[in-house]
Amino acid sequence: MKSTNSLTLLAALAVVSVTELRAGEPVQGIAAAASEPAVSAINGKLDANYGAINRSSTRGVAGTLSVPLGQRFGAQFDGLYQHGFATNIFGVGSHFFARDPGKGLIGLVFSGMMSQKFTDVIVGAEGEYYFKQVTLGAVAGYDNYDSHVPTTFPGLATHQSFVAARIYAAVYPVDDLMVRLEYQNRFNHNFCMAHVEWQTPLKGVAVYADGGVGENGYAHLLGGLRIYFGGDKPLKDRHRQDDPDNVNSTFIGTNSAGSTETAPAQEAPPPEECHGGCGCDCC
């Protein structure tokens, strides 16, 4: 089954993401004493986006606030507003995590989004493992999705409980440029995505683009502007020393697609009346 295969991959990546294996050295957990704090200082970001999901235009804003909790731990609070599919979507999220900026991150994550067309709640775990210019990461958890309209995903008509999962690899060709490839499993369907973010020479200002395709004709393309608060540092360091991804933003495409209403079935036009002598089969 699709969901079983994705969970197997997530389990394997989670093991890599939360431990460090070095030849001739013992395994050291991420929560062990770190040379740098889990969160460098109180920081945050705001971003605005515009684009289309399933050929429906959408626009929105999102923000995060991250705080250090001692040397080893940190917390983050997420928020989102998105307008699309003739509805307003509101989202809140939170993270509690242990992190060593030189090794990786492991923690718990919560996301809640709601609109007139759906309610989506995710509770799960997240992990990241850091190489010099590459980050491997995974998020997996229980997803309660209640769609209030008929959708393009048939399973949502009879089920509300799913596994929400994402696996990603982020590459930094240079420290101010990130290219991320990602796989998501939502509603027992598969989605593939790509994300590019570049921090401009302007302090704390970045631009980004995000696109994806998936089963049942899913497609999205979004672009936007992001402003970081909390010191002047390369983009890679912001991602590893400051705030994790906004959990609402990472799932906004697929959860909005879950509220995409199916087109009403069109009745076949009545047959034309034959008056004879027209040369058709009935004459």
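Atoms considered below: every heavy atom in the structure, side chains included; atoms not considered: hydrogens, waters and symmetry mates. Position 1 is the first residue of the sequence; numbering continues from there.
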For a 4.5 angstrom cut-off between non-hydrogen side-chain atoms, does [X] reach [Y]?
X      : Y      : answer
Ile89  : Met114 : no
Asn255 : Phe118 : yes
Tyr228 : Asn43  : no
Leu136 : Phe131 : yes
Tyr172 : Pro234 : no

Please determine, by modelled atom types, if [X] and [Y] share a side-chain donor-acceptor pair under 3.5 angstrom.
X      : Y      : result
Gln199 : Arg238 : yes
Asn54  : His220 : no
Asp242 : Ser66  : no
Gln82  : Thr58  : yes
His95  : Asp243 : no
Thr254 : Gln184 : yes

May I ask whether [X] and [Y] are part of the same hydrophobic cluster, defined by side-chain heavy atoms of I, L, V, M, F, W, Y residues being less than 4.5 angstrom apart, directly or through others?
X      : Y      : value
Ile227 : Val207 : no
Leu202 : Leu46  : no
Tyr129 : Val134 : yes

I need the [X] [atom1] to [Y] [atom2] distance, nearest 0.5 Å.
X      : Y      : atom1 : atom2 : result
Thr64  : Asp78  : OG1   : CG    : 6.0 Å
Leu181 : Ile167 : CG    : CD1   : 13.0 Å
Glu182 : Asp210 : CD    : CG    : 7.5 Å
Asp237 : Glu36  : CG    : CD    : 8.0 Å

For Lys45, is there an ion pair with Asp245 - N to carboxylate O distance below 4.0 angstrom? no
Counting only N and O atoms by type, is there a donor-acceptor contact under 3.5 Å from the side chain of [X] to the main-chain atoms of [Y]?
X      : Y      : result
Thr200 : Val205 : yes
Gln160 : Tyr145 : no
Gln76  : Pro244 : yes
Asn248 : Asn246 : no
Lys236 : Lys132 : yes
Thr250 : Val247 : yes
His189 : Phe187 : yes
Lys117 : Phe85  : yes

Could you go step by step and tell me if Asp175 and Gln133 meet the side chain to side chain contact (heavy atoms under 4.5 Å, CB included) rule? CA-CA 8 Å; Asp175 285 356; Gln133 298 297 124; 3.4 Å; yes
Between Tyr208 and His195, is the ring centroid distance below 6.0 Å? yes
Candidates Asp47, Val92, Asn49, Ile252 - the one meeting side-chain contact (heavy atoms from CB on, under 4.5 Å) with Leu80: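 Going through Asp47, Val92, Asn49, Ile252 one by one, the side-chain contact (heavy atoms from CB on, under 4.5 Å) with Leu80 is satisfied by Ile252 alone.
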Could you point out which residue of Tyr183, Tyr218, Tyr168 forms a ring pair (Phe, Tyr, Trp, His ring centres under 6.0 Å) with Phe191? Tyr218
Any idea which heavy atoms bring [X] and [Y] closest together, and the distance?
X      : Y      : value
Ser161 : Asn144 : OG-ND2, 4.3 Å
Ala38  : Phe97  : O-CE1, 4.2 Å
Ala165 : Phe251 : O-CE2, 4.5 Å
Ala41  : Pro68  : C-CD, 4.0 Å
Asn190 : Glu215 : N-OE1, 2.7 Å
Thr87  : Ser115 : OG1-CB, 3.6 Å

Report the C-alpha distance between Val121 and Phe110 in whole Å, list the side-chain angles of each, state the deciding distance to 0.1 Å, and finish with yes or no for side chain to side chain contact (heavy atoms under 4.5 Å, CB included). CA-CA 8 Å; Val121 176; Phe110 163 81; 3.8 Å; yes
Between Arg186 and Ile122, is the side chain to side chain contact (heavy atoms under 4.5 Å, CB included) condition met? List the steps. CA-CA 11 Å; Arg186 301 291 310 275; Ile122 299 173; 4.1 Å; yes
Against Thr135, only a single residue in His239, Glu128, Arg240 fulfils side chain to side chain donor-acceptor pair (under 3.5 Å); can you say which?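 In the set His239, Glu128, Arg240, the residue that makes a side chain to side chain donor-acceptor pair (under 3.5 Å) with Thr135 is Arg240.
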Please say whether more than 12 non-hydrogen atoms of neighbouring residues, nucleotides or ligands are located less than 6.0 Å from CG in Leu69. yes
Under the rule for salt bridge (charged side-chain N to carboxylate O under 4.0 Å, His left out), what residues qualify as partners of Glu197, not counting sequence neighbours?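 Counting only residues at least two positions away or on another chain, Glu197 forms a salt bridge (charged side-chain N to carboxylate O under 4.0 Å, His left out) with Arg226.
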As a quick check of understanding, evaluate side chain to side chain contact (heavy atoms under 4.5 Å, CB included) for Phe73 and Val39, giving each step before the final call. CA-CA 7 Å; Phe73 300 98; Val39 178; over 6 Å; no
